[in-house]
Amino acid sequence: MTEPVFLALPSLTPSLALEVLPRGLTIHRLYVQADGRTHDLVIGPEDPKDHLNQKYTNTIVGRYANRIPTDSQPYIISRNKITSAFTPQPNESPSVSLHGGKSGFDSRDFEPLLDLGAVRLFTNKEKASIAEKYDNGAAMIFRRVSEDGEEGFPGKLLLEVLVALVEPHGPQIEKLELSLGSIVIVYRAKLLDENKVTPINLTQHWGFNLDASLKDEVPDSLSVKEHKLSIKADHTISLTETGLSTGALSPVKGTHHAHGEKETGKIGEKWPEGGYDHFYLFSRPSPPSTQPTRIPASQLTPDTSFVEELFTKEPESVDPVVELASDRSGIRLSFDTNLLSPPLSSHLAFFIRTPDFLADPSLG
């Protein structure tokens, strides 16, 4: 297995660090150091080699995330007067292709691009913004080429993914919380073959446990049922028995998916039989994200930059679509994206509750 890439913010504690495995672009470790303790917030095996036998644990998923029905006949896809055929390969069941097929992006090697001069899908202005983080060991761009016909998908596809850590800006302490920084992931892809079109749907298949570091101190800390969850979604995708989309939307109001309606706000309240494995359609943010979702190629220039804002905006300046928090560890994770479903860019911000004595006005 290729050596892991270690990224860290250039600061003393509290700090934020990542260990990324190039195989499957796997987030093997996500460390936050605060309050005299080191927390690893992602689930998964201790030994990096064990990811070879454990699918979709903090990996990228693609070429197409989620489930596609398989068929004896190829699917026809058309865009901009170009038509291609694709045949998704069954892997979850004979009728379902999950997360890109038998050997999706999660099981493929990505190349860390140590030289920004080799980067092709980020503009010169964007690379100038990224360069400082490269110099500080807080960012890396990973690349792979998916060949034409891989897992039944048409077209040779170049993929570059930026993984970066962003230090907190402005006041470090607000509302009795300490900002630990953010993780930014930006996905870029380009077809290298002319006269081809391909479906693409990329995301990171995260798994978090904010209490795992307390396993020797707190009973049941390996369960997330005590975590508090907020998802800004009015609907989920209606599913068949095999997990495929029916094409209809199901309102969350009055169901176990309406996490904001739960009295305790905890995941474990109204826990459904079989747990949660659903696709939430995020509500439109207010104010809307300034990150575009579709950009005409004619508007892209060397001076175009979409990453600069991701490096400088305050996590609390946006209305997060997902929040996960633990009263036990005092850690809160805030997530926002520029899309209403799996992201082309995502922003994860981390906060930890400050010690209670900071709330005592007599000590001010």
Side-chain angles (χ1 to χ4, degrees), residues 7-11 15-18 20 25 27 30 60 113 116 119-143 159-172 174-175 177-190 200-204 206 232 282-323 332-351:
L7 305 176
L9 286 178
S11 63
S15 63
L16 180 64
L18 282 180
V20 185
L25 203 60
I27 309 298
L30 195 170
I60 191 174
L113 297 179
L116 275 174
V119 173
R120 296 176 56 186
L121 300 186
F122 290 80
T123 68
N124 291 340
K125 187 172 182 179
E126 288 175 328
K127 286 190 282 187
S129 299
I130 297 167
E132 181 179 354
K133 295 195 172 295
Y134 257 58
D135 293 341
N136 292 329
M140 184 64 66
I141 293 176
F142 297 83
R143 171 193 288 170
L159 176 66
E160 291 181 352
V161 182
L162 167 67
V163 181
L165 301 180
V166 180
E167 61 276 9
H169 300 282
Q172 292 286 312
E174 182 141 350
K175 300 178 183 177
E177 283 187 334
L178 187 68
S179 176
L180 302 176
S182 305
I183 300 172
V184 168
I185 301 179
V186 179
Y187 305 94
R188 297 274 172 89
K190 179 181 180 180
I200 184 167
N201 187 27
L202 303 173
T203 193
Q204 209 72 18
W206 294 103
K232 291 198 168 120
F282 297 144
S283 306
R284 292 192 178 276
S286 178
S289 171
T290 57
Q291 288 283 315
T293 58
R294 295 180 184 272
I295 309 152
S298 59
Q299 293 184 10
L300 297 176
T301 72
D303 292 327
T304 301
S305 179
F306 299 109
V307 301
E308 193 170 0
E309 179 192 352
L310 296 173
F311 290 168
T312 57
K313 71 177 179 180
E314 292 293 334
E316 293 297 279
S317 68
V318 296
D319 195 14
V321 292
V322 176
E323 285 193 319
R332 177 169 66 89
L333 179 156
S334 173
F335 171 87
D336 69 87
T337 174
N338 67 330
L339 292 182
L340 303 183
S341 50
L344 290 179
S345 68
S346 60
H347 194 280
L348 291 167
F350 299 87
F351 305 85

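No experiment lies behind these values; they were computed from the predicted model shown. This chain uses plain numbering: 1 for the first residue, then up along the sequence. Only heavy atoms go into these numbers, but all of them, side chains included; no hydrogens, no water, no symmetry mates.
Looking only at distances, no side-chain donor or acceptor of K133 sits under 3.5 Å from a matching main-chain atom of A164. With Y134 contributing its side chain and I141 its backbone, the two residues share a donor-acceptor pair below 3.5 Å. Of the possible polar contacts, one joining the E160 side chain to the R120 backbone as a donor-acceptor pair under 3.5 Å is found. Using a distance-only test at 3.5 Å, with no hydrogens or angles considered, no donor-acceptor pair links the side chain of E167 to the main chain of P10. Counting only distance, with no hydrogens or angles, the side chain of Y187 and the backbone of Q204 share a donor-acceptor pair below 3.5 Å. A donor-acceptor pair is defined here as one N or O able to donate and one able to accept, closer than 3.5 Å; such a pair exists between the side chain of T123 and the backbone of T304.
Tested against I183, the residues V166, L16, I27 include a single side-chain contact (heavy atoms from CB on, under 4.5 Å) partner, L16.
V20 is not listed as a side-chain neighbour of M140, based on a closest heavy-atom distance of 4.5 Å or more.
In plain terms, the two heavy atoms of A17 and L165 that are nearest each other are CA-CD1, 4.0 Å. Across V307 and S129, no two heavy atoms sit closer than the pair CG2-CB, 4.3 Å. The shortest heavy-atom contact between P168 and S179 is CB-OG, 3.3 Å. Nearest heavy-atom pair across L159 and R188 is CD1-O, 3.1 Å.
Expressed to the nearest 0.5 Å, how far CD1 of I130 lies from CG of L116 amounts to 6.5 Å. To the nearest 0.5 Å, the span separating CD on E126 from CZ on F311 amounts to 9.0 Å.
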How far apart are the C-alpha atoms of L30 and W206, what are their side-chain angles, what is the distance that settles it, and do they pass the side-chain contact (heavy atoms from CB on, under 4.5 Å) test?
-> CA-CA 11 Å; L30 195 170; W206 294 103; 4.3 Å; yes
Might you work through the side-chain contact (heavy atoms from CB on, under 4.5 Å) test for V186 and F306, ending with a clear yes or no?
-> CA-CA 9 Å; V186 179; F306 299 109; over 6 Å; no
